[in-house]
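Heads up, the thing below is written out as structure tokens.
Every heavy atom of this structure was used, including side-chain atoms; hydrogens, water molecules and symmetry mates were not. Every chain is numbered from 1, with letters handed out A, B, ... down the list of sequences. As the structure is a prediction and not an experimental result, all values here were calculated from the model.
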Amino acid sequence: MKTNDYRVTMDVLASLCKRRGFIFQTSEIYGGINGFWDYGPLGVEMKRNIKACWWKSMTQLREDIVGIDTSIIMHPRVWEASGHIGNFKDPMLDCRETKGRYRADQIFVLKHKTDADALMFTFHEDAPAPAEKKIKKIAKGKVDDYEQVPLLDIPLDAYNQLVGPDTNEPGTLTEPRAFNLMFKTQIGPVEENADVAYLRPETAQGIFAQFGNVCSTVRNKIPFGIAQIGKAFRNEINPRNYTFRSREFEQMELEFFIKPGTDAEQHKYWVTERLNWYEKIGLPEGRMHRDIHEGDALAHYASACTDIMYDFPFGTQELEGIAARGNFDLTQHQETSGKKLEYHDEETKETYLPHVIEPSAGVDRVALALLCEAYREEWIPKGGGEVLTAEVGAKRAPEGYEARIVLGFAPCIAPYKVAILPLLKNKEPLVEKARELYKQLSKRWKCFYDQTGAIGRRYRRQDEIGTPFCVTIDFDTIEKDDTVTIRDRDTMEQIRLPIAELEAYIANIVDF
RNA sequence: GCGGGCGUAGUUCAAUGGUAGAACCCCAGCCUUCCAAGCUGGUUACGACAGUUCGAAUCUGUUCGCCCGCUCCA
């Protein structure tokens, strides 16, 4: 597959997505909320197609993977075991002047022993020297008159006396705020007595927590995988780039359990496997990259992690992370829950905690990448000839050309597979035949019926929503031979085909 | 989260402290025998919430969102 030469800008793409019903801002009539998005009638079809292609490639086309669908709210101790609570509950504070951000529990304060109104000097953990210097320079005082206290012991109304670790002026520090990026809620209707619970920040833990049950019900032999698609929630500090970083998003995660020691080869296998999948749904090799994590970028328990990146118009960004996580997660859950999660290998008579390869993809990011890759504008010469790629940002086509917007989706991704068009709407037999064909094809695919306006306009409309085929019913269909024309979205060329052969022809191209 | 810029139909642009206009798009009708034709008619907007005012899209405040730069990114 070749790359699309046209590079869309995000505002143009967002505008098309709104105009045609792919993506809306959530609760737009109330002004929207940053980081939350709704999929419109076309967007939802497209997104379902992405998920269907993934699900089919994982659970249907191979016998070593099964699916699962776990709940969004899980036992709070799951997040203790996974490390999501421990690492991210610490309050942080910012310095308004230097823009620095500090963990509140790592900041200490030199406070005057007797004068409650005196300036107080903060410093970062084991480095009090700068603060001691400031006592001499700014407060003209003696270090011995000051005592060291944790920042968290300082009352909020005294914060205007605090001099930040990297400033010389008081009053620049914000109050500490919890930066737990998990959405918190409670179980049970009475808030005071409620148990705290969290919306899952990833779907993976549902798989690990049910590992034992899945093993004992489906008799899988290692290596085997468990796949899940579902919503996850992260209270991102700064959602940006349209839907790319959202607070509510959907993941497609596979945990592929393997024999310890086979990590490297399995990881390599899955990176290749996943890149092939992206190529198949319309993301060309030329725009895809691997970002191989090494050293500090690698989590301590991981032996390998490769991000699959796509060249978005706003930069090269991650679509999927493929991590070799060892047996970290199963170990954590086994220790935290006290329940054995070991696997018994009949062949070798060994019992062990399997290692895992985790390909974890963001559905919304894949959808956004597909939209970016699919969008193009063309200039079509009116008298025939070579179609040009339009100039980005050009308001109109040059003299003698007509502009066309196309979403060049892979057929398996396109929201509608076929548009059925009677050549004219005021000729009853044409309409009747078209309705009949629409009904027939709709049993198998999402189809579009349109009789409004000139035929050329209707073709362009379908181009703009990425429908791969337009089937037109004309007078030959009803008067001569029961054939129809099929117009190709990309080449705009037409062939004639008997209606009897239509379904097989389309199926061959649009089915994943 | 910080700093700067910006919010009028789907889009591109208007206008006045007192009835928000146009073009394209969209919808309907007529017409039309294959790539955005034509004619007629129509729907749709002042981001949200307050305040000032007889009256606010316009002035003020708050908030939400978008863009750019920083910051953050398990």
Can you check the distance between [N] and [M], where both ends of the measurement are the [atom1] atom (answer in whole Å)?
| N | M | atom1 | answer |
| --- | --- | --- | --- |
| C59(B) | C46(B) | C1' | 15 Å |
| G18(B) | U12(B) | P | 26 Å |
| G55(B) | G17(B) | C1' | 8 Å |
| A22(B) | U40(B) | P | 14 Å |
| U16(B) | C34(B) | P | 49 Å |
| A48(B) | C64(B) | P | 15 Å |
| C70(B) | A20(B) | P | 44 Å |
| C25(B) | U44(B) | C1' | 11 Å |

Arg496(A) versus Thr485(A), side-chain donor and acceptor atoms under 3.5 Å: no
Taking all non-hydrogen atoms of both residues into account, name the closest pair between [X] and [Y] and its distance.
| X | Y | value |
| --- | --- | --- |
| Thr477(A) | Thr472(A) | OG1-O, 4.4 Å |
| His267(A) | Ala323(A) | CD2-C, 4.2 Å |
| Pro422(A) | Gln451(A) | CG-CB, 3.8 Å |

Could you tell me if Arg274(A) sits above the aromatic ring of Tyr278(A), with its cationic atom closer than 6.0 Å to the ring centre and no more than 45 degrees from the axis?
yes
Practice item. Is it possible for you to check whether Arg435(A) lies under 6.0 Å from the centre of the six-membered ring of Tyr449(A), through NZ or CZ, and within 45° of that ring's axis? Key: yes
I want to verify a distance call: between [options], whose nearest atom is closest to the [X] side chain?
| X | options | answer |
| --- | --- | --- |
| Phe475(A) | U33(B), C27(B), A37(B) | U33(B) |
| Arg457(A) | C26(B), A74(B), U32(B) | C26(B) |
| Asp474(A) | C35(B), C34(B), C27(B) | C34(B) |
| Glu402(A) | A36(B), C35(B), U32(B) | A36(B) |

What nucleic acid atoms does [X] come within less than 4.0 Å of, heavy atoms only: base, sugar-phosphate, or nothing?
| X | result |
| --- | --- |
| Gln462(A) | nothing |
| Thr485(A) | base |
| Arg20(A) | nothing |
| Arg234(A) | base |
| Ala14(A) | nothing |
| Arg245(A) | base |
| Arg19(A) | sugar-phosphate |

Regarding C35(B), can its base be found pairing with the side chain of Arg487(A) as donor and acceptor, where the two atoms are less than 3.5 Å apart? yes
Assign each of Glu202(A) and Asp463(A) the nucleotide of RNA chain B bearing its closest heavy atom; nearer the 5' end lies the nucleotide of Asp463(A)
Taking for Leu424(A) and for Asp450(A) the nucleotide of RNA chain B with the nearest heavy atom, the one nearer the 5' end belongs to Asp450(A)
